[in-house]
Protein chains: 2
Amino acid sequence: MQTRSLETLVRIEQVQSFSKAAELQNMTLSALSMQMKSLETQLDVQLFDRSFRPPKLTPLGRSIAAQAARVLNEQNALTGLCGRDRELVGRFRLGLISSVSVRLLPKFLSRIRQDAPRASFELTTGLSEDLSEQVLQGVIDAAVMTSAPSPPEGLRFDAIAREEMAFAAPRQYAATAIEDLARHLPFIHFRPSTGIGNLIADHVRCHTNKPRETIILDNLEASMEFVKAGLGYTLLPLPDVQRCSDDRVHIFAGNGNPMHRELALVSRQDSSHGRWIQAIHKTFQNVAAE
Amino acid sequence: MQTRSLETLVRIEQVQSFSKAAELQNMTLSALSMQMKSLETQLDVQLFDRSFRPPKLTPLGRSIAAQAARVLNEQNALTGLCGRDRELVGRFRLGLISSVSVRLLPKFLSRIRQDAPRASFELTTGLSEDLSEQVLQGVIDAAVMTSAPSPPEGLRFDAIAREEMAFAAPRQYAATAIEDLARHLPFIHFRPSTGIGNLIADHVRCHTNKPRETIILDNLEASMEFVKAGLGYTLLPLPDVQRCSDDRVHIFAGNGNPMHRELALVSRQDSSHGRWIQAIHKTFQNVAAE
DNA sequence: GGATTTATTCAATTCAATCGAATAAAAATG
DNA sequence: CATTTTTATTCGATTGAATTGAATAAATCC
């Protein structure tokens, strides 16, 4: 169905005249007449009572005109979505690693809701590997995760923020050198399969003093609870450590070589980069910098 | 805009495949592809990410598809109005004289709401003359009124019910002959310009004993209140007299020649009688007969 | 009742949608 | 990783629907 004829119909109802309506719709009177006639055949309905010279809408015609206005309303909403493409519009599917979802996401959402009220989001949390795969498969549009050392084929990384890594140990070990900690305490290992996990695994590997015992957890908050209870020490992004610390926790930077992770927005290399990635990226950068 | 391409779009979203969608929409794959391409140019928007082989909707594409579904919803509601034309559908504009609006209308509306739930009504009350004119002008579609002795040009009358006229006088005059009433009591005259008014005016004219005094009222209930208060006698449709009576009122039929009025549904002679008049007429007949 | 406004009809034209075949591109396969 | 298969795009030809302008018809105005 041609919505143009619906426009014509509601216009006719407005002005109660075919000829005026034709003018306003920028068409010939004859075209308009034909259009209404074909609309009547299409719907198999009599819209007008033509025994009046400006034909009058029939009762059914009025009902249909009213409904046509509703159709056009929705249609306007549709074209409205396409309006100015400087604005971010659409339903985006984002993936997030859990630490980001806790720390950055709330700020991100409130910020973006201001800047781009017509954008909406479907959010998933997951591990970096899974998220990468989902971006690659087109299941999600982009993901925020730790940037991998070897950038996977077909993916594009846009840096969001650099986060220092820090050790967190029970306060009574404040004086102990990092190298010796492993002899006294179990290392609490944040799930190694994730992006951040790889960084941590490096620490474990490179260290001459292998930790006596390793506890593997997939939950950042839980790791910190273990530390607070004096059950082990851990290595995590500094902002997360700070967020979860209290006076039972001693924080130290890494020894010598400073460790850090790089948060990045991951998207498909060849994806039609309709500037939306840039917008989302920018927003994440801003909220991370706050 | 062609709503067909919107259908295609939502179908594609459903099945996540151009070729399956093409089958389901009964079109060639190439046609479908072209259609989406032209939709993209029309809206000036990228709906699909074509770096996937079954092209994937972009975030904006998803938003637009969702909105397209809303447009189609309204469109279906529209074609739904045109469905089976045995059913009475539409927004009808009816005129009614006041006595009808009080007595018949409530029953009519509840009846028609059962029989034709998709019909709606705009109601006006007015005097017979005005209503006739409005029907003629197409301001309203039909009116229920007293049928005139001389049927006006271009109008069609369909009889609904015959109503006897009756006198109502204060009870203390129960024994008085109608001819003598006029000498003792003022005649309460229901507004003569209306259809029913003409009937009453006839009574006044034909009578040898002109009423001593005449009170003109445009309200049926008010007339009856005057009678109850013993301030006059009146001539009105029997159903209305009965409806408004109590024990202070004495009702008598007219003398000799029985008077009555004929209620009718008035519509334009040449109006496209799309059976809706018959339906409305029938319903009015039924509720009047109850 | 004739003039005027207003809508309809008709044939010609224009434009957009569709098709089928060939081509190109991504995904699946071994 | 090359091959095969699936899937979408492109192209030129065709079809059909929408539009136009001029002529006609119908209702309204005076």
Side-chain angles (χ1 to χ4, degrees), chain A residues 1-9 11-13 15-43 46-58 61 133-139 153-155 268-272, chain B residues 1-9 11-43 46-58 61 133 135-139 153-155 268-272:
Chain A
M1 177 181 286
Q2 196 72 257
T3 57
R4 179 128 186 247
S5 36
L6 299 185
E7 276 176 47
T8 308
L9 179 62
R11 176 69 77 178
I12 291 172
E13 191 184 27
V15 301
Q16 298 279 338
S17 151
F18 276 29
S19 51
K20 262 182 216 140
E23 264 190 285
L24 292 165
Q25 298 297 101
N26 294 312
M27 44 164 66
T28 343
L29 179 56
S30 100
L32 180 141
S33 174
M34 299 286 249
Q35 207 179 59
M36 290 302 100
K37 203 157 78 90
S38 90
L39 186 60
E40 282 180 316
T41 17
Q42 257 188 280
L43 299 176
Q46 187 159 15
L47 295 173
F48 296 97
D49 181 347
R50 292 189 169 73
S51 61
F52 294 99
R53 197 31 121 162
K56 283 202 155 73
L57 281 168
T58 61
E133 187 58 22
Q134 288 185 48
V135 170
L136 216 43
Q137 299 287 320
V139 178
E153 192 66 30
L155 287 184
R268 268 173 68 96
Q269 187 73 268
D270 52 2
S271 187
S272 46
Chain B
M1 176 181 289
Q2 197 70 257
T3 57
R4 179 129 185 249
S5 36
L6 299 185
E7 277 176 45
T8 308
L9 179 62
R11 175 70 77 179
I12 292 172
E13 191 184 28
Q14 276 176 10
V15 299
Q16 297 281 335
S17 151
F18 276 29
S19 51
K20 263 181 215 140
E23 263 189 286
L24 291 165
Q25 299 297 101
N26 296 311
M27 45 165 67
T28 45
L29 180 57
S30 100
L32 181 141
S33 175
M34 298 288 247
Q35 207 179 60
M36 290 303 98
K37 203 156 78 91
S38 90
L39 186 61
E40 283 180 315
T41 17
Q42 258 188 281
L43 299 176
Q46 188 160 16
L47 295 173
F48 297 97
D49 180 347
R50 290 189 170 74
S51 62
F52 294 99
R53 200 29 123 159
K56 284 201 156 72
L57 281 167
T58 61
E133 187 58 21
V135 170
L136 216 44
Q137 299 287 321
V139 177
E153 192 67 30
L155 286 184
R268 267 172 67 98
Q269 188 73 268
D270 52 1
S271 185
S272 48

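Because only heavy atoms are used, hydrogens play no part in the values below, and waters and symmetry mates are left out as well, while side chains stay in. Letters go in sequence order (proteins before strands), and every chain restarts at 1.
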message: In this structure, how many angstroms lie between the P atom of D:dA18 and the CD atom of A:Q2, rounded?
response: 7 Å

task: Would you kindly give the CD-to-C1' distance between A:E133 and C:dA27, to the nearest whole Å?
output: 14 Å

message: Starting the side chain at C-beta, find the nucleotide from C:dT8, D:dT19, D:dT10 nearest to A:A31.
response: D:dT19

query: Would you say D:dA8 has OP1 or OP2 under 4.0 Å from some side-chain N or O of B:R50?
result: no

task: With the side chain of B:M34 defined as its heavy atoms from C-beta on, choose the nearest nucleotide among D:dT19, D:dC11, D:dA8.
output: D:dC11

- request: Compare all side-chain heavy atoms of B:E7 with those of B:R11 and state whether any distance is below 4.5 angstrom.
  value: no

- prompt: Between C:dA7 and A:S19, is there an OP1 or OP2 to side-chain N/O distance shorter than 4.0 Å?
  reply: yes

task: With side-chain hydrogen bond (donor to acceptor under 3.5 Å, both in side chains) as the test, would you mind laying out the steps for A:T8 and A:Q35 before giving the verdict?
output: CA-CA 8 Å; A:T8 308; A:Q35 207 179 59; 2.5 Å; yes

message: Nearest whole Å is fine: how far is D:dC11 P from B:L29 CG?
response: 16 Å

task: Measure the distance from CD on B:E7 to P on C:dA17 and round it to the nearest whole Å.
output: 15 Å

message: Taking only side-chain N and O atoms of A:R4, does any of them lie within less than 4.0 angstrom of OP1 or OP2 on D:dT19?
response: yes

- prompt: Phosphate oxygens OP1/OP2 of C:dT6: is one of them under 4.0 Å from a side-chain N or O of A:K20?
  reply: no

- request: Please check the phosphate of C:dT18 (OP1 and OP2 only) for any side-chain N or O of B:T28 closer than 4.0 Å.
  value: no

- request: Give a yes or no answer on whether the side chain of A:K56 reaches the backbone of B:Q137 with a donor-acceptor pair at less than 3.5 Å.
  value: yes

message: Do B:L57 and B:I12 have side chains that approach each other closer than 4.5 Å (heavy atoms only, starting at C-beta)?
response: no

- prompt: Which listed nucleotide (D:dT9, C:dC19, D:dG21) is nearest to the side chain of B:M27?
  reply: C:dC19

task: Just do the side chain to side chain contact (heavy atoms under 4.5 Å, CB included) check on B:R4 and A:M1 with the steps written out, would you?
output: CA-CA 7 Å; B:R4 179 129 185 249; A:M1 177 181 286; over 6 Å; no

- prompt: Of A:S38 and A:P54, whose nearest nucleotide on DNA chain D comes first from the 5' end?
  reply: A:S38

- prompt: If you measure only the distance, is there a donor-acceptor pair under 3.5 Å linking the side chains of B:S17 and B:S19?
  reply: yes

field: Candidates D:dA8, C:dC19, D:dT28 - which lies nearest the side chain of A:F52
entry: D:dT28

- prompt: In terms of side-chain heavy atoms of A:S33, which of C:dT8, D:dT20, C:dA26 is nearest?
  reply: C:dT8

query: Taking only N and O in the side chain of B:K37, is any of them less than 4.0 Å away from OP1 or OP2 of D:dT10?
result: yes

- prompt: A:M36 has an atom CE; how far is it from atom P of C:dT6, in whole Å?
  reply: 19 Å

task: Measure from CD on A:Q25 to P on D:dA18 and round the result to the nearest Å.
output: 16 Å

task: Using atom CG of B:L39 as one end and atom P of C:dA16 as the other, report the distance to the nearest whole Å.
output: 15 Å

query: How many Å lie between CG on A:L32 and P on C:dT9, as a whole number?
result: 13 Å

- request: Check every atom of D:dT28, D:dT7, C:dT8 against the side chain of A:P55 and return the nucleotide holding the closest atom.
  value: C:dT8

- request: From the options C:dC10, C:dA7, D:dT7, select the nucleotide whose nearest atom is closest to the side chain of B:R53.
  value: D:dT7

message: It should be established whether A:Q35 places a side-chain nitrogen or oxygen under 4.0 Å from OP1 or OP2 of nucleotide D:dT19.
response: yes

